[in-house]
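A short worksheet on the structure shown next.
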Amino acid sequence: MTEPLSVHVGLDGGRDYDILIGRGLIAGAGARVAALGARAAGIVTDETVGALYAAGLRESLEATGLRAGIVTVPPGEASKSYTRFAEVCDGLLALKIERGDVVIALGGGVVGDLAGFAAASLRRGVRFVQVPTSLLAQVDSSVGGKTGINSPHGKNLIGAFHQPRLVLADTATLDTLSEREMRAGYAEVAKYGLIGDEGFFSWCEANWRGIFSGGPERDEAVAICCRAKAGVVTRDEREDGERALLNLGHTFGHALERITGYDSGRLVHGEGVAIGLALAFRFSARLGLCGGQEAGRVANHLALAGLPTRLQQVPGGSGDAGAILDAMAQDKKVRDGALTFILARGIGQSFIAPGVDRAELRAFLEAELAAA
Ligand SMILES: NC(=O)c1ccc[n+]([C@@H]2O[C@H](COP(=O)([O-])OP(=O)(O)OC[C@H]3O[C@@H](n4cnc5c(N)ncnc54)[C@H](O)[C@@H]3O)[C@@H](O)[C@H]2O)c1
Ligand SMILES: O=C(O)C(=O)C[C@@H](O)[C@H](O)[C@H](O)COP(=O)(O)O
Ligand SMILES: [Zn+2]
C-alpha cells in the first residue's frame, strides 16, 4: 500500500487530528485506533456498509487486542431519527463502551452524523473516529465535527459539535458505492470550487470522470476538499462566520429534504444540494450579483455529472413556493426571523448574505416552478 495522503485539522486545546486518505486503510485501522489509547471500540454502521466492511474493520481492531462490537442501523436518511439515535446509544452502552473507549462511524454521512451525535452524548462524550465510506462522507461529513439527527421540523436540528480524533478515508471503499450515491457526493465536491476556488471547479470540469472511475483524481479530489474544509473549520469551528459558506446550496437543499420526508428513495442529501447549488447561482444572477452565463455553467456541469438542477426534478414534486419557504423557516442560519443565504458574485466568489428579502425569494421560486 502506498503512503496515504494526510490532511491536518489544526484545532486548539489538543483537539487537532489527522485525515488519512488512501486505498486499503481499513485493513490497518486497528493499529491507528489503538494508538489513541482505547481498549474497546463500538463500530456503528448501516446494513449495506456493515455487510461489506464491518468484519474487516473488526478483525483489524481485534488483531491489536482491542475489544470490538458492532451496532447496525438501516441504510438511508430516515436513520437520522430519534428512534435510531436511542437504539445506537443503547447498543453502545450494551457493548460497555467507556469514556476512554472509542466510537467508530463506518459508513456514509448518515452513519457519521448519527454515530457522532451518539458519541457526543454517551457518558457526556466519548472519543470518536470516522471511517467514511461514501464520497460525500470522505469529502465533507467526516470532517469538522457537525453531528446530529433530523426533526420533522427540519434537517439536522438536533445535534452537537463533536470533533473526531481521527478520520480514515479508505478510498477503495468507493468502488462499491452506487452511481447515484457517487453523483450525490460529487455535488459536495463541486461545492468547494463554487464557494472559493474557481480553479478547482475548472479542474473538476476536466477531471470529474476520473473521480467517478477511481483514477488518481479521486484521492486528489478528496484531499483538496478535506484541505479546504479543514481550513474553514480551524478558523471558525462553530459557524460564527465563515463556516456558513459550507452551506452553499443547503438552504434550498435542506428544505427539499424535509419536503420529501427524508426519504432517500426520493431525494438524497447530495441531490438536494445539487439543486440548491444551481438555485443559489440562478438566484444570485436574478439579483444581479453574478452573470447568467456563470449560473448556466454551474448547472450544465452538475447536469453533465448526472445531477438534478431544477425543482421539477424532485421525484413526487417539490411543493409550491409557499411550502418551500415554510420549510426554510427553521434553517439554522435564520436570524431575527430573516433568512441568510449563501450567494455568489461568480464561481469561487460565494459570500454570506443575511436578511434576504422573502418577497424576492418567493418571486424567484415561483419563476423557477413556472419555467419549462
Ligand atoms: N456533518 C457534516 O458536516 C455533513 C456534511 C455533509 C453531509 N452531511 C450529512 O450526510 C448525510 C448524507 O451522507 P451520504 O451521502 O454519505 O449518505 P448515506 O450515509 O445514506 O450513504 C449513502 C448510501 O450509500 C451506501 N454506502 C455508503 N458507503 C458505501 C460503500 N462504500 N459501498 C456501498 N454502499 C455504500 C449507504 O448504505 C447508503 O445507502 C446527510 O444526512 C447529510 O445531512 C453531514
Ligand atoms: O460542515 C459544515 O459546516 C457544512 O455546512 C457542510 C454541509 O455540507 C453539511 O450538509 C452540514 O451538515 C450542514 O450543516 P447544517 O448546520 O446546515 O445542518
Ligand atoms: Zn451537505
Side-chain angles (χ1 to χ4, degrees), residues 26 44-54 72-81 105-117 130-151 154-164 169-189 191-192 195 225 228-230 232-233 236-251 253-255 257-258 262 264-265 267-274 276-277 328 330-334 340 342:
I26 287 180
V44 181
T45 190
D46 72 27
E47 286 156 8
T48 308
V49 176
L52 290 163
Y53 302 110
T72 307
V73 298
E77 188 68 33
S79 280
K80 277 176 59 172
S81 67
L106 172 69
V110 165
V111 161
D113 283 10
L114 178 65
F117 187 35
Q130 289 265 19
V131 183
T133 64
S134 68
L135 178 63
L136 185 142
Q138 295 189 354
V139 301
D140 195 345
S141 63
S142 62
V143 178
K146 276 190 180 178
T147 73
I149 58 173
N150 304 321
S151 152
K155 184 74 185 165
N156 299 337
L157 291 186
I158 317 295
F161 285 98
H162 189 57
Q163 296 290 342
D170 183 337
T171 46
T173 61
L174 302 188
D175 294 347
T176 56
L177 194 66
S178 69
E179 272 288 314
R180 181 186 180 201
E181 295 296 350
M182 186 65 86
R183 289 195 290 268
Y186 183 70
E188 302 271 25
V189 173
K191 178 187 80 173
Y192 288 100
I195 290 172
C225 296
K229 184 156 184 180
V232 173
V233 167
D236 178 25
E237 184 183 2
R238 299 228 162 197
E239 200 173 305
D240 296 315
E242 179 191 5
R243 185 165 181 169
L245 292 171
L246 297 175
N247 241 239
L248 178 64
H250 284 62
T251 314
H254 280 174
E257 286 188 84
R258 183 186 141 182
Y262 311 117
S264 297
L267 192 78
V268 295
H269 178 74
E271 292 165 343
V273 169
L277 293 171
M328 283 175 179
Q330 287 272 18
D331 186 89
K332 288 184 282 324
K333 300 184 299 307
V334 167
T340 296
I342 311 306

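Both counts, for ligands and for their atoms, begin at 1 and track the order of listing. Along the sequence shown, residues carry numbers from 1. Values reported hereafter were calculated over all heavy atoms of this structure, with side chains retained and with hydrogens, waters and symmetry mates removed.
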With heavy-atom distances below 4.0 Å as the criterion, list the atoms of ligand 2 near [X].
X: D140; value: 6 (C), 7 (C), 8 (O)
X: K146; value: 1 (O), 2 (C), 3 (O), 4 (C), 5 (O), 14 (O), 15 (P), 16 (O)
X: K191; value: 6 (C), 7 (C), 8 (O)
X: R243; value: 1 (O), 2 (C), 3 (O)
X: K229; value: 1 (O), 2 (C), 6 (C)
X: H254; value: 13 (C), 15 (P), 17 (O), 18 (O)
X: K332; value: 15 (P), 16 (O), 17 (O), 18 (O)

Nitrogen or oxygen of [X] less than 3.5 angstrom from that of ligand 1:
X: T147; answer: no
X: K146; answer: yes
X: T133; answer: yes
X: K80; answer: yes
X: H254; answer: no

*Heavy-atom contacts under 4.0 Å between K333 and ligand 2: side chain, backbone, both, or neither?*
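Contact part for K333 vs ligand 2: neither.
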_One residue to check: L246. Relative to ligand 2, which of side chain, backbone, both or neither has a non-hydrogen atom less than 4.0 Å away?_
both
Around [atom], find the nearest protein heavy atom and jot down its residue, atom name and distance.
atom: atom 40 (C) of ligand 1; result: E77 OE1, 3.2 Å
atom: atom 19 (O) of ligand 1; result: V110 N, 2.9 Å
atom: atom 3 (O) of ligand 1; result: K229 NZ, 3.2 Å

*asked:* Please determine whether side chain to side chain donor-acceptor pair (under 3.5 Å) holds for the pair T45 and Y53, giving the CA-CA distance in whole Å, both sets of side-chain angles, and the decisive distance to 0.1 Å.
replied: CA-CA 9 Å; T45 190; Y53 302 110; over 6 Å; no
_ligand 1-proximal atoms of L136, by part, heavy-atom distance under 4.0 Å_ = side chain
_the Zn ion (ligand 3) - closest N/O/S atom in E188_ =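 Within E188, restricted to N, O or S, the Zn ion (ligand 3) is closest to atom OE2.
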*Could you tell me whether the side chain of H162 and the main chain of A160 form a donor-acceptor pair under 3.5 Å?*
no
*Cut-off 3.5 Å, side chains only: do K333 and N247 have a donor facing an acceptor?*
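There is such a pair (donor and acceptor under 3.5 Å, judged by atom type) between the side chains of K333 and N247.
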*Side-chain donor-acceptor pair under 3.5 Å between H269 and E188, yes or no?*
yes
*Where the closest heavy atom to atom 44 (C) of ligand 1 is concerned, which of D113, N156, L106 has it?*
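Nearest option to atom 44 (C) of ligand 1, by heavy atoms: D113.
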*asked:* Could you work out, for atom 8 (N) of ligand 1, the closest of S141, S134, P74, G109 by heavy-atom distance?
replied: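 The residue whose heavy atom sits nearest atom 8 (N) of ligand 1 is S141.
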